[in-house]
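Heads up, the thing below is written out as structure tokens.
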Protein chains: 2
Amino acid sequence: MARKTKAEAALTKDRIVTCARQVFARDGVTNTSLEEVARVAGVTRGAVYWHFRNKADLFMAVRSQTGLLIQLGQAKVGDPLQRLENGLLQALQRLSEETAAQETYEVMLWKCEYVGEFAQVRDDLIGSGRLFLDDAETLYREARAAGIVAANLDPKTAAVATFCFYAGILKIWLGDTRGTILRQHAQQAIAHHIAQQRRIPLAATRQVDRRGPPAKDSSP
Amino acid sequence: MARKTKAEAALTKDRIVTCARQVFARDGVTNTSLEEVARVAGVTRGAVYWHFRNKADLFMAVRSQTGLLIQLGQAKVGDPLQRLENGLLQALQRLSEETAAQETYEVMLWKCEYVGEFAQVRDDLIGSGRLFLDDAETLYREARAAGIVAANLDPKTAAVATFCFYAGILKIWLGDTRGTILRQHAQQAIAHHIAQQRRIPLAATRQVDRRGPPAKDSSP
DNA sequence: GGTTTTACATACAGACATGTATGTAAAGGT
DNA sequence: ACCTTTACATACATGTCTGTATGTAAAACC
């Protein structure tokens, strides 16, 4: 067959990744044959094996094409708890707006078996979880310094709790395809979770003016 | 081959389920062949196909052999929030003590692709999540009536938040096999999550006497 | 402009899993 | 004691996936 330009080849590679994501999301990783991926991408298995070692390698490419949902480290707006809350909200927003992100996380959380070569991917997932954890701990530490959480709040513990909450909300949000459980309440649940960390929980104060400016920056 | 007694047959069936759980936990559901399950159980595929329609049916049996981790409805000790906390703690305790439960949930959360016949299992999982949610909501409603949470706390929202927290803690607890992230802090995170719901968070009060009577029942 | 390398398509060999069909000997009922 | 059903084991037929080896024509390089 006629050799393709470098640019064309890169396009082909990217198309294979995109199609792999879709097929993974439909059939699950293990049940997906590379031949099916190739078919959907309009190539043959030869092309797939040219660009990727095997299915695990292709899966890695799918992951890195989507990237992480949030980087708390980059949050800039509001007090520490606001930044944390915004991060969580933004993750959900990406899930609901970007089909690619939704498919990728659907695959990672519900349609992938972390066995053999994929056990490594699992460690990677846990590793990126650690990033979240560390960022969250930093935020809680700042919040404590700013006096917006209880003085005896343990940043580590609070970060772990928020991390679990985050992991669960992603899992359930994606798992509850019919939207009967979480879809409507996710944002409120996030707001609630964060509010409960505050020293004088916002949720516990009369809040007739909920539509006003969400919170003041109380940092020095 | 010589026909077995009914009792022997039941024993065989149970052994197949137990071995299936182990093999699933080791190789993942999709990568597990029924022949391997049979081999480990000391029978042939004929026995497996006699007792179960196919792999999905066998997986269902594995699930129901283990059952649910917690039933919040049965909690009896302490105030509503105490009961909720105890439920969560008990779930983790079962995970760490019972190998069977650990294996089953390891499979369900990390080594199963919910596709095709298994999509039904996924709905089932979400359904049992709904049970948890309803029970938690009831507990929060009782807690509000008892005045131990803020009067304007929305039981539904709080229940959703706790549900997500629970789902995440199970996922992470099992996923973090090296124990570097969660294993040491899980109990504290649970205590923190619950404490933050209290009107005057327990975590904010000095608690040297944590081993004393957990809480007084303040319901009428 | 000739050679090398690339970007695939095609072909091949082997392994493996599934479902079913059939065999069988003893248990269970009458 | 006979007949039926059970609880498997064995055998078979089929489909499917994987990895690799090989072919090829044009792009890329010098």
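Just so it is clear: chains get the letters A, B, ... in the order the sequence lines come, proteins before strands, and each one is counted from 1.
- Among residues two or more places apart in sequence or in another chain, the side chain to side chain contact (heavy atoms under 4.5 Å, CB included) test is passed with A:Arg83 by A:Ala75, A:Pro80, A:Leu139, A:Glu142.
- Between A:Phe24 and A:Cys112, the closest side-chain pair of non-hydrogen atoms is not below 4.5 Å.
- Nearest heavy atom pair, residue B:Gln197 against residue B:His193, reads NE2-O, 3.1 Å.
- Of the residues in residues 38-64 of chain B, those lying under 4.0 Å from DNA chain D by heavy-atom distance are B:Val43, B:Thr44, B:Gly46, B:Ala47, B:Trp50, B:His51.
- Using a 4.0 Å cutoff on non-hydrogen atoms, the parts of residues 19-33 of chain A near DNA chain D are A:Thr32, A:Ser33, ordered by number.
- For residues 8-18 of chain B, proximity to DNA chain D is found at B:Ala9, B:Thr12, defined as any non-hydrogen atom under 4.0 angstrom from a strand atom.
- Between A:Glu106 and B:Arg122, at least one side-chain nitrogen of the basic residue sits less than 4.0 Å from a carboxylate oxygen of the acidic one, meeting the salt-bridge criterion.
- Residues A:Glu85 and A:Ile190 come closest through the heavy atom pair CG-CG2, 3.9 Å.
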Using a cut-off of under 3.5 Å, enumerate the N/O to N/O pairs linking the protein to nucleotides 28-30 of chain D.
unit_1, atom_1, unit_2, atom_2, d
D:dA28, OP1, A:Lys6, N, 3.4

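- Remark: A:Phe132 engages A:Phe163, A:Tyr166 in a ring-ring contact (aromatic ring centres under 6.0 Å, His included) (not counting sequence neighbours).
- A donor-acceptor pair under 3.5 Å is absent between the side-chain atoms of A:Trp110 and the main chain of A:Tyr105, judged by distance alone.
- Here the shortest heavy-atom pairing between A:Ala189 and A:Phe165 reads O-CZ, 3.7 Å.
- Annotation: side chain of B:Arg21 is in contact with side chain of B:Thr18 (closest heavy-atom distance under 4.5 Å).
- A straight line from CD of B:Glu36 to C1' of C:dA15 spans 15 Å, rounded to a whole angstrom.
- Applying the salt bridge (Lys or Arg N to Asp or Glu O under 4.0 Å) test to every pair with at least one member in residues 22-42 of chain A, sequence neighbours left out, gives these pairs: A:Arg26-A:Glu36, A:Glu36-A:Arg39.
- Remark: A:Ser64 pairs with no residue by the side chain to side chain contact (heavy atoms under 4.5 Å, CB included) rule, at least two apart or across chains.
- Between the axis at the start and the axis at the end of the helix from C:dG1-D:dC30 to C:dT30-D:dA1 there is an angle of 30°, using five pairs per end and rounding to 10 degrees.
- For A:Arg183, the salt bridge (charged side-chain N to carboxylate O under 4.0 Å, His left out) test picks out no residue, with sequence neighbours left out.
- Pairs of residues two or more places apart, or lying in two chains, that qualify as side-chain hydrogen bond (donor to acceptor under 3.5 Å, both in side chains) and include a residue from residues 49-61 of chain A are A:Asn54-A:Glu117.
- At least one side-chain heavy atom of B:Gln82 sits under 4.5 Å from a side-chain heavy atom of B:Asn86.
- Proximity of residues 110-120 of chain B to DNA chain D (heavy atom under 4.0 angstrom from any strand atom) is not detected for any residue.
- Because its NZ or CZ atom is both nearer than 6.0 Å to the ring centre of A:Phe52 and within 45° of the ring axis, A:Lys13 counts as a cation-pi partner of that residue.
- Looking at A:His185 and B:Thr157, their side chains never bring a donor and an acceptor atom within 3.5 Å of each other.
- The two residues B:Ala186 and B:Trp173 come nearest to each other via the heavy atoms CB-CD1, 4.0 Å.
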